[in-house]
Structure formats: C-alpha cells, structure tokens
Amino acid sequence: MPVLVMKFGGTSVANLDRIRRAAKRVGVEVAKGYDVIVIVSAMSGKTNELVGWVDETSPLYDAREYDAVVSSGENVTAGLMALTLQEMDVPARSWQGWQVPLKTNSAHSQARIEEIPPENIRAKFAEGMKVAVVAGFQGISPEGRITTLGRGGSDTTAVAFAAAFEAERCDIYTDVDGVYTTDPRICDKARKLDKIAFEEMLELASLGAKVLQTRSVELAMRYKVKLRVLSSFEEQSDEAGTLVCDEEEIMESNVVAGVAYSRDEAKLTVQSVADRPGIAATIFTTLSDAGVNVDMIVQDISEEGRTDMTFSCPTDQVARAEQALLAIKEKGELNYAELLADRNVAKVSVVGIGMRSQSGVAAKMFKVLSDEGINIKVITTSEIKISVLIDRKYMELAVQALHDAFELQKAG
Ligand code: ADP
Ligand code: ASP
Ligand code: MG
C-alpha cells in the first residue's frame, strides 16, 4: 500500500471536535487506499503551559526532565486521535516516540533525529492496521531518555517519517491554508503561494516564519519529500495549499519571494574590547559554550586600539550571555568597559533566489525603511536574503512596507 503522512498542528487538534474533524480527513485518505501515518502536536497552548511549569519549578532546569515534561502533550493527542479513529471503525493505534522507536542524539530540548526503523509500524500495517498515530516532537536518546526536537518539532517528525517510509506525500495541516508571502496575521495583503522553492522556504523558516520548522525543510530537501502545507479547517482538493518543491518546478517568481520576521531578538554590545586577534574568538567561544545562539555580529571601527563588538541573540538567552561574559571578565580573560543589552529589537528579512541575479534589492530595502523613519541597527546578507535588526515597535510596519514596495501581493 502507498503510505501518506499527515501532520496536524496544535490548533488542528485543539479540542475533541477538531480531533474528530482531523480524523475524518484521515478517514478520507484511508478510503482512497493509503496506509496513513498521522503525526500529532499537543493541543494548542499545551506545550507553552508545560514549558511554563518547568521554568517556574527550576529556572536552570535539567534538560532531560524538561523533555520528560514538555513531550507529554503529544501523548494525549496521539491517544485521543487513535481512539477517535477507532470510533469511526478505522483500525488505528497510537505510538509514542520511544515505541517506534524514533532515535535521536542526546541534545535534549534540541535533539536531532538519527534513525526511524520502519519495521514495527510496517508489521502492524501488514496485520491490517490502517493508521499509525505518532506523537510528534519526541524521540529517544541512546541513553534511553525521552528527547524533544525543539519548538515546532512535529513538522520535522512528519518529514522524517515521510522519508523513512518513502511516503507518497507529507501533508502539513495547520491553521493557515498554505505558505504566504509573509505572515498573513500581520499583513493583510499577504498572498498565498502555490509553490515555493526549498531554499526559499528554508531561509524563511530559519528567519522566523514558523509555519514550518527549519529542520523539517532541510530534511525534505535532502530526502526529496513531497511536502505540502494546507489548512485543516477547509475542504481540500489534491492541489490545495502550498507545495514546497525544487526551484526548477517553479516557472515564474518574484525577485523577493517573501518577508520574514523574528520578534524576540536582543542586541548586545560589548563595549571597548582590545582590537587584536583572539578577542572575537574568546567572546564567541564563551557564548557558544554557554548555549547562546548568536545570530548577527558587527565589529565597529577601532579607536586607539579599542573597539565595540555587537551581536544579536534570542531575548530569553540574554541573561545567560550576560552571566557568561561577566564570568570571563572577572577571571581576567576579557577586558571590556560595559555590556549593553537592548531587548526591544526585532529582525526583519527579505528572501528570494532571484537576488542571486538581480542587484539593488538591499538598496531598495534600506530606502523603504528610511522612508518610514525606521533606523537600521544591524544588517546581514547572504546570497538570497537580507536581514536587518530594528526597534521592535516598527516590526509590523517594516514588514508591511517591504511587502508593498516589493509588490508581493502580485504574482511574479
Ligand atoms: P501549527 O500549530 O499547525 O504547527 P504554527 O503556529 O506553528 O502552526 O504555524 C502556523 C503559523 O505560522 C500561522 O498561523 C502564521 O501566523 C505563521 N506564519 C508565519 N509566517 C508565515 C508565512 N509566510 N506563511 C504562512 N504562515 C506563516
Ligand atoms: N508541541 C510542540 C510545540 O509547540 C511541537 C509542535 O507542535 O510542533 O513546539
Ligand atoms: Mg508549528
């Protein structure tokens, strides 16, 4: 039997009614003759609640116990989905990550999938089971402990199953009807894309568009998984939603494919460090050892042998960064004047493979922001994206102005 993977995100399984609605959709695919692997998220809001409980209990928590707690939301929805399907006379059972087993490395709270042996689930399909309902986001480490795959990780569970079972397609059901030119919740002119190239989706995801977890796009690209994003709230045809595919499959496209934003960024400046070899290495090795995910970096011009080093990281890692840099200052390993932290910044990025062959996109972006009176604090570019750090209060305005200026409401 051909295999289909269907993933339902938090809002699509937010209550029993929605689980029933999702189960009906699964039933339609079973009736077409597929063996279906359903990946479920926790009910919406559940994972945030669990994370909150862990933070309140133990601010510098043991990540193994964090995973034990936050993985539990998916167990509930997997069981409920299996029961709902059984009530519809569809032979189904639930699987927790360790039962599959979905094997990961030991990087708790950010684990990477290493292997999904398909034998156990295949054997059940051979016995007549039609649907395997798998709890998303979770796996098992080589030490036999529960791991989780990072926020949004059920997308990655889904794509990894699609690769392991050579599924005909991996359908990601969510609360929007596809991938848009930007987040439709902050820009009402956002346009749904019928297709988007893997590389563009990868950039958009890594720059903040949470519609797909970055790692899921990487895996889909590597294993050539046919990946589709669509709404669980509307009736769907086989062409619905957005197909994430190879660049070659897209005939027409705009130079800029989309605008992404990341709200919770912080900018830190290490003031007046010596301008000599080894200082950047000391600062960024320290931050990396402390588990701080540094994103953008700028070094100012030096005056009298001293310079400022500025970098950005997620707001919830500022305390860790401050602690780590203060510790090496006190040990005499790094001499700096002040450490300034600005927690009120956001990152806005434009992405498009067309930028490879067309110049002027950066200039236009900066002009648009300046016309809106928005000051740019840090800039980074790569072949197919330009990102700027700006005051958070201008984030939505910047996204909307860029969407207008690059005419993303019009198809290319
Ligand atoms: P799920 O719970 O189904 O995994 P998520 O909340 O993780 O859903 O992702 C869907 C959300 O992603 C949408 O509600 C939307 O606000 C947001 N989003 C951000 N950027 C985009 C984009 N470019 N296209 C579509 N949705 C986007
Ligand atoms: N429930 C997890 C989260 O909220 C995983 C997911 O939904 O993809 O991050
Ligand atoms: Mg998600």
Side-chain angles (χ1 to χ4, degrees), residues 6-14 18 22 39-52 54 66-67 69-78 97 102 109-111 113 134-139 147-161 170-196 200-217 228-233 241-242 244 256-263 347-352 395-396 399 402-403 408-409:
M6 305 171 76
K7 179 255 173 180
F8 293 92
T11 37
S12 311
V13 293
R18 295 214 179 143
I39 311 294
V40 285
S41 285
M43 291 178 174
S44 63
K46 190 70 204 170
T47 311
N48 285 345
E49 180 183 50
L50 296 168
V51 170
V54 171
Y66 166 96
D67 280 350
V69 176
V70 305
S71 63
S72 65
E74 273 71 10
N75 296 343
V76 175
T77 38
L102 186 151
S109 83
Q110 283 295 336
I113 299 174
V134 178
F137 180 51
Q138 50 171 268
T147 52
T148 62
L149 308 178
R151 297 306 304 270
S154 296
D155 297 330
T156 302
T157 309
V159 174
F161 268 86
C170 179
D171 285 343
I172 306 284
Y173 286 90
T174 182
D175 57 2
V176 282
D177 60 353
V179 178
Y180 279 69
T181 46
T182 192
D183 188 345
R185 293 188 203 287
I186 74 162
C187 178
D188 53 17
K189 290 189 199 154
R191 176 174 54 90
K192 185 180 82 78
L193 299 163
D194 292 332
K195 291 182 176 179
I196 185 164
E200 288 173 333
M201 191 64 240
L202 194 59
E203 285 286 359
L204 287 173
S206 72
L207 295 167
K210 68 173 180 160
V211 61
L212 286 173
Q213 198 196 33
T214 310
R215 184 85 184 117
S216 71
V217 186
R228 192 164 69 134
V229 177
L230 68 174
S231 165
S232 64
F233 297 99
T242 301
V244 189
V256 171
V259 183
Y261 64 86
S262 166
R263 190 185 300 270
K347 182 170 65 175
V348 174
S349 311
V350 298
V351 170
M395 188 190 80
E396 302 195 356
V399 170
L402 291 166
H403 196 275
L408 301 191
Q409 74 282 5

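Atoms within each ligand, like the ligands themselves, are counted from 1 in listed order. Position 1 is the first residue of the sequence; numbering continues from there.
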Flag Glu74 as yes when one of its N or O atoms lies below 3.5 Å from any N or O atom of ligand 2, and as no otherwise.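 Yes.
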Should Lys7 be counted as touching ligand 2, given the test is an N or O pair under 3.5 Å?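 No.
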If only atom types and distance count, is the side chain of Thr11 paired as donor or acceptor with the main-chain N or O of Ser44 below 3.5 Å?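 Such a contact is absent between Thr11 side chain and Ser44 backbone.
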Donor-acceptor check, side chain of Thr181 to backbone of Ala190, threshold 3.5 angstrom: yes or no? no
Residue of the set Leu193, Thr174, Ile196 for which side-chain contact (heavy atoms from CB on, under 4.5 Å) holds with Val229: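 That would be Thr174.
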Sub-4.0 Å heavy-atom environment of ligand 1, residues by chain: Lys7, Gly9, Gly10, Thr174, Asp175, Val176, Gly178, Val179, Tyr180, Thr182, Asp183, Pro184, Arg185, Ala209, Lys210, Val211
Of the side chain and backbone of Gln213, name the one, both, or neither that has a heavy atom under 4.0 Å from an atom of ligand 2. neither
Distance in Å, [X] [atom1] paired with [Y] [atom2], rounded so as to fall on 0.5 Å steps:
X	Y	atom1	atom2	answer
Arg228	Lys195	CZ	NZ	12.5 Å
Asp155	Ser41	CG	OG	7.0 Å
Leu408	Thr182	CG	OG1	8.0 Å

Output yes when Arg185 and Asp175 qualify as a salt bridge under the 4.0 Å nitrogen-oxygen rule, no when they do not.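 Result for this pair is yes, salt bridge flagged.
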Check the pair Val51, Tyr66 against side-chain contact (heavy atoms from CB on, under 4.5 Å), reporting the backbone distance first and the verdict last. CA-CA 8 Å; Val51 170; Tyr66 166 96; 3.7 Å; yes
Per-atom contacts, ligand 2 versus Phe137 - under 4.0 Å to a heavy atom: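 Going through ligand 2 atom by atom, the ones under 4.0 Å from Phe137 are 2 (C), 5 (C).
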Below 4.0 angstrom from a heavy atom of Ser41, which ligand 2 atoms are there? Numbered from 1 as shown, please. 6 (C), 7 (O), 8 (O)
Below 4.0 Å from ligand 2: does a non-hydrogen atom of [X] turn up there or not?
X	value
Gly136	no
Gly152	yes
Lys46	no

Can you see whether Asp67 engages Thr148 through a side-chain donor-acceptor pair at a distance of less than 3.5 angstrom? yes
side-chain hydrogen bond (donor to acceptor under 3.5 Å, both in side chains) contacts in which one or both residues fall within residues 200-212, not counting sequence neighbours: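 Residue pairs with at least one partner in residues 200-212: there are none.
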What protein heavy atom is closest to atom 4 (O) of ligand 2, reported as residue, atom name and distance in Å? Arg151 NH2, 2.9 Å
